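Whatever order the structure lists them in is the order used to number ligands and atoms, beginning at 1. What you see is a predicted model, and the numbers here were worked out from it, not measured in a lab.
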Amino acid sequence: MNTYQFNYSIYQRPFRQPLKTSHGAWKIREGIIIKLTDSAGRSQQGEIAPIPWFGSEAIDRAISCCQQVGEQITTAQIYQIPDDLPACQFGFGSALIAFDADSATSDRSPIDISALLPSGAAAIERIQALSAQGYSTFKWKIGVLPIAQEMAIWTQLMMALPHSAQLRLDANGGLTEPAAEQWLELCSGEIRIEFIEQPLAPDAIDRTIELAQKYHTPIALDESVATFDRLQLVYDRGWRGIYIIKPGIAGFPWRLVAFITRHQLDVVFSSVMETNIGATAALRLASSLQLSRSMGFGVGDWFGDDL
Ligand code: MG
């Protein structure tokens, strides 16, 4: 068992513009950077970036977890972080495994990243600029504007989208069943739609399974599988579609990797709007799993700073 010196610092990052989702507007990302230093003086960082409205602990609870640790922490104490602190489990867990990852060589091909578009009509121009930067997978939030208006924008968006590119539509659980069916119907003839993400409310698993059987458009679950508990539950209920997983709030990284591997899940890794520290840890997991789908980490330009 190892003992590590422990330090942490809290950060606040304002979004350039509030991030609008069907949960409301998100203005400031608060998180914690932790640092573990071993007896040889080597240090590794980890990031705790909670999203309470997505099922993780609140930032206050994460801060008190760090305060309680004091100046030192052991490997055993890290393993004992409870399941109701999943962002803390990830932050401490990823710092811990980084001590091993550091010595391993990582000569992989660059990872394909999906770029998040602004909601509404602003996406049309943005898709052209991002295509020029080399992005070929995009994500656009739906369920934000009235459906007729959004579908009209979608038509324009599909004209702006390069032929070889792919678009993901993310409803954040905000669609009614008739609206979800309209979107699935609209997209079923368009192969550039990679999937519709979380069309229905997080607990509507059985109904989402029925929709997945009825339409060609693939469906991904996100909010439904936000925590490790829910991921297991949804798998047991019979979901065999795509899983959007936010490693940053999915608990201990080694437990997540074991579950995905054991059940051969079709997975997209996604951002929790973390800094490079958390993103690097998540990308390292993705590369160990050799995920084939683009990851949802193209969010750097949503912040005014350069963390
Ligand atoms: Mg989503």
Side-chain angles (χ1 to χ4, degrees), residues 15 18-26 29 49-56 86-87 90 112-120 123 126-127 130 135 137-145 147 150 154 157 166-176 179-180 183-184 187 193-205 207-209 211-212 217-231 233-235 239 241-251 256 260 265-274 278-279 282-283 286 291 293-300 302:
F15 289 102
L19 185 61
K20 282 181 224 148
T21 73
S22 55
H23 294 285
W26 192 10
R29 196 320 151 241
I51 311 187
W53 46 265
F54 230 95
S56 89
F90 178 80
D112 192 11
I113 301 285
S114 145
L116 180 59
L117 298 169
S119 56
R126 195 78 191 108
I127 214 168
L130 288 164
Y135 285 101
T137 303
F138 303 94
K139 176 151 133 180
W140 186 53
K141 299 281 183 185
I142 59 170
V144 181
L145 300 169
I147 190 165
E150 238 165 32
W154 179 88
L157 208 50
Q166 287 198 297
L167 181 65
R168 301 166 172 181
L169 302 180
D170 188 0
N172 285 113
L175 300 181
T176 61
W183 276 111
L184 288 161
C187 295
I193 298 297
E194 187 181 1
F195 51 75
I196 294 184
E197 193 171 318
Q198 196 70 47
L200 302 179
D203 57 357
I205 306 301
R207 187 69 189 112
T208 309
I209 291 172
L211 289 180
T217 311
I219 299 176
L221 289 180
D222 185 3
E223 280 84 345
S224 296
V225 296
T227 60
F228 190 72
D229 278 359
R230 278 196 241 162
L231 172 65
L233 187 95
V234 165
Y235 180 81
W239 179 253
I242 302 157
Y243 292 78
I244 310 286
I245 293 177
K246 293 172 164 42
I249 55 169
L256 179 65
I260 292 169
L265 302 187
D266 186 353
V267 164
V268 175
F269 267 11
S270 174
S271 164
V272 288
M273 299 290 175
E274 61 275 83
L283 297 180
L291 301 183
R293 293 184 186 273
S294 301
M295 296 196 291
F297 277 90
V299 295
W302 282 81

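Considering CD1 of I193 and OG1 of T217, their distance stands at 8.0 Å, rounded to 0.5 Å.
Proximity of a side-chain donor or acceptor of R207 to a complementary backbone N or O of A201 within less than 3.5 Å is not detected. Checking side-chain atoms of W239 against main-chain N and O of I242 turns up a donor-acceptor pair under 3.5 Å.
Using cut-offs of 30° and 60° on the angle between ring planes, the pair Y235 and Y243 is tilted.
Within a radius of less than 2.8 Å around the Mg ion (ligand 1), the protein N, O or S atoms are D170 OD2, E197 OE2, D222 OD2.
Looking at K141, R230, K246 one by one, the single match for salt bridge (Lys or Arg N to Asp or Glu O under 4.0 Å) with D222 turns out to be K246.
In terms of the side chain to side chain donor-acceptor pair (under 3.5 Å) criterion, residue partners of R168 (sequence neighbours excluded) are, by chain and number, E194.
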